Number of protein chains: 2
Amino acid sequence: MLTKIGDKWTIFVVLSLDLLGGRARFSELERAVPGISQRMLSSTLKNLERDGMVIREVFPEVPPRVEYEMTELGRRLLHPTQGLVDWAKENWEQVREAQSRYDER
Amino acid sequence: MLTKIGDKWTIFVVLSLDLLGGRARFSELERAVPGISQRMLSSTLKNLERDGMVIREVFPEVPPRVEYEMTELGRRLLHPTQGLVDWAKENWEQVREAQSRYDER
DNA sequence: CTGTATCCCCGAGGATACTG
DNA sequence: CAGTATCCTCGGGGATACAG
């Protein structure tokens with residue numbers, strides 16, 4: 001469970017989707033999450049959809065358009081996730097210093 | 001950074017160490033974290049020590065005794081981590097249901 | 001545009017045995 | 001007791017090409 005959140009991209013996708021207003025199409029997310037591949041974005045979204053965190057909506061147009069929208073359940077994940085991000089921001093520097101000290105020995 | 005927390009064991013070790021009063025020896029942690037191997041406990045603790053989250057203290061006795069103590073920095077990680085655990089507890093059921101619905105199609 | 005299919009590599013991590 | 005050393009497997013995930 002926590003392992004799912006801990007995979008490489010889920011947190012970034014969730015946060016990006018939120019930043020984009022809770023709703024975005026595939027290509028927007030692709031641009032919003034630097035470094036993610038189509039393969040991993042697709043896979044991550046599929047998992048989020050399966051877990052009920054995101055709803056996938058297909059518009060039968062040409063060219064195709066697909067939008068992803070966060071559900072209430074997904075939005076609830078935002079707070080603990082943001083807590084983690086904040087923690088990282090606030091303590092990153094101290095961690096780096098600890099690592100430097102450790103590595104010098 | 002978040003990737004480190006996201007690895008398989010860090011969260012469990014941190015939470016267990018807290019449950020054990022913020023200080024415990026290797027074998028206590030081994031028992032407190034079901035399923036972890038010596039190899040992974042050792043490696044996880046080494047990373048936590050390097051990051052300044054934990055202090056390793058060796059007692060020159062026979063048989064050897066080593067104790068690990070959470071630092072203030074480590075303790076600060078507890079809150080966001082606990083937030084994640086709480087989230088999981090509260091929403092686990094809904095996620096399972098969403099998965100069932102998804103898998104039926 | 002929104003994916004899927006393939007191929008491939010690397011490292012996380014399990015099992016087991018050994019050591020100071 | 002508290003690890004380290006070795007071996008080995010498995011799957012996450014990158015790169016690239018292709019498809020509807």
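Protein chains get the first letters and strands the later ones, always in sequence-line order, with residue 1 at the start of each. Just so it is clear, the model here is predicted, and its values are computed rather than measured.
Within 4.0 Å (heavy atoms only), B:Phe59 reaches no atom of the nucleic acid at all. Looking at heavy-atom distances under 4.0 Å, B:Arg25 makes contact with sugar-phosphate atoms alone, never a base.
Taking 3.5 Å as the limit, the base of D:dG3 and the side chain of B:Arg39 contain no donor-acceptor pair of atoms between them.
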Fill in: CA sep, side-chain torsions, deciding dist, call: B:Leu29, B:Leu20, side chain to side chain contact (heavy atoms under 4.5 Å, CB included)
CA-CA 8 Å; B:Leu29 285 167; B:Leu20 292 170; 3.9 Å; yes

Item to complete: Tell me, with the steps shown, if A:Tyr102 and B:Glu49 meet side chain to side chain contact (heavy atoms under 4.5 Å, CB included).
Response: CA-CA 8 Å; A:Tyr102 183 95; B:Glu49 188 197 1; 3.7 Å; yes

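Checking C:dG3, C:dC1, D:dG3 against every side-chain atom of B:Val66, the shortest atom distance belongs to D:dG3. Checked against C:dT4, D:dG3, D:dG13, the side chain of A:Ser42 finds its nearest nucleotide in C:dT4. Comparing D:dG14, C:dG13, D:dG3 against the side chain of A:Ser37 picks out D:dG14 as the nearest. The nucleotide whose nearest atom lies closest to any side-chain atom of A:Met40 is, among C:dG13, D:dG14, C:dC1, D:dG14. Comparing D:dA2, D:dT4, C:dT2 by their nearest atom to the side chain of B:Lys46 picks out D:dT4. Checking D:dA2, C:dC1, D:dC1 against every side-chain atom of A:Pro64, the shortest atom distance belongs to C:dC1.
Donor-acceptor pairing under 3.5 Å is recorded for the side chains of A:Thr10 and A:Asp7. There is no side-chain donor-acceptor pair under 3.5 Å between A:Ser100 and A:Asp103.
Of all non-hydrogen atoms in A:Pro80 and B:Leu84, the two that sit nearest each other are CB-CD1, 3.5 Å.
A straight line from CG of A:Leu41 to P of C:dT4 spans 11 Å, rounded to a whole angstrom. As rounded to whole Å, 8 Å separates atom C1' of C:dG14 from atom NZ of B:Lys8. Distance, B:Phe26 CZ to C:dG20 P: 18 Å, rounded to whole Å. Whole-Å rounding puts the B:Arg31 CZ to D:dG3 P distance at 14 Å. One interatomic measurement links the two molecules: CD1 of A:Ile36 to C1' of C:dT2, which rounds to 14 Å at whole-angstrom precision. Spacing between atom CZ of A:Arg56 and atom P of C:dT2 amounts to 10 Å, rounded to whole angstrom units. The separation between A:Glu28 atom CD and C:dT2 atom P is 8 Å, rounded to whole Å. Atoms CG (A:Asp7) and P (D:dG13) sit 6 Å apart, rounded to a whole Å.
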